[in-house]
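The structure appears below as structure tokens.
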Amino acid sequence: LFASLLYRLLQEEDEAEMGPSVESTDPQDRINARRTRIATRIEAKRREALGEDPNAVKEVKEDLSKSRKQIEDSRQRLTKLQRDGTELVSNIQVAGDSREAQRRIEQEEARRQRTEKMENEAKASQEKFEDITRKWMTTNTMQIPQDFRDLLNMQQQQCAFLIEEKNKLISDLQKHLFSLLFKELKLGDDRYVKDLKKQGEDISLMIERMEEQIKTLSRSYHEELLQIERSFELERHDLMESNDKQWEQMMQARRDQELDYLITRMKRVEEQEMQLEELRTVDAEEYNIIKIKLETDVQILEQQLQQMKATYQLNQEKLEYNFQVLKKRDEENTITKSQQKRKITRQQDVLNNLKIKLAKQEKQYREDNQALTDDYKRITEKYKDLQRKMRHFAAVDSSNFRDIWLMNEEEVKMLVRKALEADRIIHEQQLGMPWKMPVLWFMDNVGPIIPEHKKKRTAVEVAKEVIISEKNCVRKDASLGNKQALQVLTHQTPRTTVKRLLEILCDESGFLIESKLLKLLLPLERDEQSLMKLDSIFAALGIENEDDVFKLANFFIKYKRQQDASLQWCCWRCWSIVPSIFFSTDHRIDAQEAAVDSKEKTDLQSEKGSRLPASSKLAHADLVHPNDVLKALRAFVSEYHKSSFREKHQQTKLDLEERDDSDDTAYWDAMANAIPVSKLKVWDALKTALEKYYYVLTERLKLLTQTDSLKQQNLELRMLLHQYINSKMTAELEIPPTHVFQQTFNES
Amino acid sequence: DNPVLDKLLPKHKIKVLEKLSTKLPLKVTANLISDEGYWERCCRERWSICDTSEHGGSWKSLFFERHLENIIERFIPEATDPMQVANVIPFCQGYVKRLRINQLLPPVKEPSITNEEEGSDTGSDDGIDEPTLDHFDFGFITTRLSLLEELHVIYGVKGCGMNFEWNLFQFTKRDCVSLANAVKACKTLKVFRLQRSKVDDEKVRIIISSLLDHPSLVELDLSHNLIGDRGARAVGKLINRSKLEKVNLWDNKIRAPGAQAIAHALSRNDRLTSLNLRLNRIGDEGGEAVGNALLINSTLVDLHLGSNELTEPTALTLSQVLGLNRTIKRINLCCNRIGP
């Protein structure tokens with residue numbers, strides 16, 4: 001074990017020393033060497049690949065690649081040199097490696113031998129030991145103690161022998177080992193030192209070699225460079241020479257050529273001179289001919305020139321004259337122009353002024369306008385105010401008037417009533433005659449009287465009248481108003497048409513009536529029914545008085561007429577456009593009907609009445625078709641509402657204005673003459689009689705008063721008498737006064 | 001926080017930057033100054049040898065990367081204040097892409113006790129280490145450095161000289177677990193190197209189980225370790241369950257079964273371009289397996305089988321491969337007994 005330990009120690013020592021030395025010197029160098037080798041190899045390969053082809057080509061071509069060849073040669077030489085150098089250097093490392101490997105093998109071998117020896121020994125002892133143990137086994141079978149003892153002794157001997165042998169071996173081995181160990185230790189030390197020395201030598205050798213190589217390399221590089229340069233120079237020289245030669249040759253050739261050219265040129269010049277001479281002679285002849293010809297031409301042209309000059313003179317004069325005229329005109333024009341300009345400027349000024357003025361004016365007018373509009377507004381405001389006031393005043397006046405009227409009327413009526421009462425009293429009491437109330441129409445009147453004809457009947461009344469009158473046939477109303485109304489009515493539309501119209505209305509515009517009303521109306525008569533319906537329809541349509549009714553009627557008629565007219569126009573157009581051949585029967589009939597209608601209408605207008613049954617029939621035809629009623633009604637309502645609004649507005653004014661007082665005097669006179677003159681005469685006579693009666697009565701009164709006073713006196717006297725009688729004095733008296741009185745009274 | 005510097009005119013800015021002291025605290029300068037010249041001065045002042053080519057050509061990232069590396073390399077667990085690292089990270093996180101940590105210090109213990117413990121433990125179990133020997137926890141960093149792409153870690157002490165002790169070179173199980181978790185948490189990681197750290201099969205399996213289905217890992221380097229056949233099998237599994245393009249397993253203890261496992265993975269892979277199995281002992285069986293895998297595979301470019309005890313049969317299969325495979329560019333077979 002110790003030996004193995006020592007061995008390991010040695011080995012490790014070795015390794016510890018070997019490692020660094022190998023690493024420090026070898027790897028770098030080796031790597032470097034290898035690197036260079038690789039580089040050169042690669043380069044060489046590349047060169048070969050690159051340089052071979054050009055080389056071959058150039059060799060064939062010229063001897064110009066001499067320098068390149070030189071470069072190639074030197075490169076090859078250098079690479080060889082380098083390789084050799086690196087080999088030399090790396091050889092040291094390889095040697096080191098091999099030494100190490102050798103050492104390892106040796107050590108391994110030694111170790112193997114040692115282990116083998118020990119194994120052999122171990123095997124032998126093992127055999128002996130086994131032998132002994134086997135004998136131990138046989139002892140078990142022994143029966144005789146003597147034998148057993150012998151055997152035991154033998155065993156003991158053998159064991160002792162074995163142990164001895166072992167001990168011997170151990171001591172031998174130990175001795176051997178120690179000696180070996182020492183030897184090996186020494187050997188190892190020696191080797192270590194040797195190795196160290198060797199490695200130091202190696203390193204120094206390597207460095208030497210490297211330096212040498214570097215030196216040789218640099219030297220060879222230098223040499224090669226010089227050679228390459230030389231070769232380049234040589235090449236250059238050759239090239240120069242060859243080029244010079246070429247140049248000389250070329251120059252010579254050029255000179256010869258120039259001489260040739262000169263000679264040929266001379267020859268050509270001579271030839272051309274000859275030709276020129278010939279040409280000159282020919283041209284001179286031609287020149288003469290042409291000269292003569294041209295001279296004649298010149299003469300002719302000169303003549304022409306003279307003529308032209310004359311005309312030119314003439315023209316010049318003319319033109320001069322014209323020029324003068326034009327100049328004058330131009331001057332005039334300039335003058336006028338300047339005048340015009342001045343005028344324009346003036347006008348411009350004026351225009352500007354006017355414009356300014358206009359602007360001013362406009363401004364002013366605008367202002368004025370503004371002011372005026374303001375005024376107008378104010379005035380209208382005022383006017384409205386005034387109007388309002390006026391209306392107010394008018395209303396007040398009217399109310400005042402009415403009040404006064406009423407008051408006066410009341411008063412007068414009272415007076416009349418008084419008078420009548422008086423009259424009645426007179427008649428009944430004084431005259432003892434039965435008194436009869438005179439008929440006094442004005443007593444029923446209250447308020448200011450309104451002329452009868454202006455009063456408007458309500459629409460319903462009219463309708464009623466119309467319907468009833470129709471029913472009663474041609475019975476005419478007796479009253480004046482009605483007559484007038486009817487006249488007006490008939491003046492505008494025939495009564496029958498109105499009636500017809502109303503009936504249509506009644507039938508068609510049932511939707512305007514409430515359903516409840518319809519139910520209520522069921523039991524009534526037909527006329528009454530229609531009347532009630534009309535009432536509600538009128539209410540719905542906003543028709544109030546008879547005028548509206550007639551307006552409605554007129555409107556309907558007009559409407560129809562318009563439709564007709566349009567139809568007619570249509571027809572007429574058709575007529576005009578389409579020839580009679582294509583005129584359809586329908587159209588003709590339509591047109592005829594329309595014509596008849598219009599004619600009949602004029603008849604109606606002229607006839608002013610409803611006496612003609614034919615006309616009524618025609619009116620039927622003339623009236624609106626029930627289907628058109630609604631349209632017509634709509635149109636009417638829209639139109640009517642427009643107008644009615646305006647009318648209503650004016651009506652109040654009209655009311656106020658239109659009041660006339662023509663009947664007032666009569667009214668008042670009537671009031672005043674409530675008691676007729678004959679009655680007054682009676683009254684006068686009665687008055688005188690009464691006055692007489694009164695006188696008598698006064699007389700009587702006077703007498704009565706006298707009697708009364710006398711009675712009084714009498715009474716007083718009686719009283720006194722009585723007092724006197726009844727007094728003590730009297731009693732004392734011989735004759736009582738009573739007696740006296742009685743006596744006197746009796747006497748009387 | 002005051003961006004006055006950016007508002008200056010260019011010539012004034014240059015002048016100001018020239019005058020700025022390199023001793024200014026990083027807290028001030030880290031996010032404020034982006035000028036390369038200033039950072040170059042900083043770097044040159046701190047380190048004699050500076051090579052920006054290994055740091056993405058940026059002086060600023062060089063400065064911060066090396067600064068952070070120095071801090072981590074000098075970090076002693078339980079002795080150094082973890083805030084020392086935590087304080088630096090906020091400035092660094094925008095600039096650090098690579099971390100090459102060449103040493104990790106173990107916690108300081110009384111050497112005698114550890115020695116005794118070591119001695120006593122060796123008898124019973126020499127595989128299990130004391131939990132007190134844990135190193136720096138990378139999970140602390142990787143979660144914060146959002147741009148980290150390369151992580152190189154060596155669990156060991158550099159330049160120990162005559163103070164050599166075995167426990168300076170311990171890679172404990174807990175270290176392994178924490179490293180695995182840290183690598184798993186770092187989703188941007190592209191290159192992961194764990195060299196010279198005594199990684200055996202168990203630990204490799206732990207690390208690889210955390211690397212399965214890693215979204216960005218491209219290169220894996222586990223050279224100079226103690227990886228055996230089981231570890232190789234795990235690597236073979238990882239090859240087909242990640243985006244790996246480059247795998248370095250040289251100087252391990254992979255034998256024929258491990259090589260067969262890797263070859264099997266290789267035959268199904270269409271991503272891997274480089275495979276290094278130098279200084280292993282895969283033998284002819286492994287070599288033939290790899291060669292047969294290359295008959296199917298069409299992505300591998302670089303293969304190193306140096307020092308692997310290969311002989312004629314492998315050479316035969318590989319000659320077949322060279323005839324059929326079009327993608328392979330380099331096969332290194334040095335230090336083998338291939339024969340004439």
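Keep in mind that the numbers below use all heavy atoms, side chains included, and drop hydrogens, waters and symmetry copies. Every value quoted in this text rests on a predicted model; they were computed, and no experiment measured them. All chains are named by letter (A, B, ...) in the order of the sequence lines, taking the proteins before the strands, and each is independently numbered beginning at 1.
- Within 6.0 Å of atom CZ in A:Arg77, more than 12 heavy atoms from other residues, nucleotides or ligands are found, so the atom counts as buried in its surroundings.
- The CD1 atom of A:Ile105 sits 7.0 Å away from atom CZ of B:Arg281, with the distance rounded to the nearest 0.5 Å.
- With rounding to the nearest 0.5 angstrom, the CZ atom of A:Arg99 is 11.5 Å from the OG atom of B:Ser307.
- Surrounding NZ of B:Lys190 are at most 12 heavy atoms belonging to other residues, nucleotides or ligands under 6.0 Å away.
- When the shell of 6.0 Å around CD of B:Glu285 is examined, it contains 12 or fewer heavy atoms from other residues, nucleotides or ligands.
- Applying the side-chain hydrogen bond (donor to acceptor under 3.5 Å, both in side chains) rule to B:Asn308 yields no partners; only residues at least two apart in sequence or on another chain are considered.
- The nearest pair of heavy atoms linking A:Val94 to B:Cys335 is O-SG, 3.0 Å.
- Salt bridge annotation for B:Arg255-A:Glu108: present, with a cationic side-chain nitrogen under 4.0 angstrom from a carboxylate oxygen.
- A pairwise comparison of heavy atoms in B:Asn252 and A:Arg104 identifies O-NH1, 3.9 Å as the closest pair.
- Considering only residues two or more places apart in sequence or on other chains, A:Gln158 meets the side-chain hydrogen bond (donor to acceptor under 3.5 Å, both in side chains) condition with A:Lys135.
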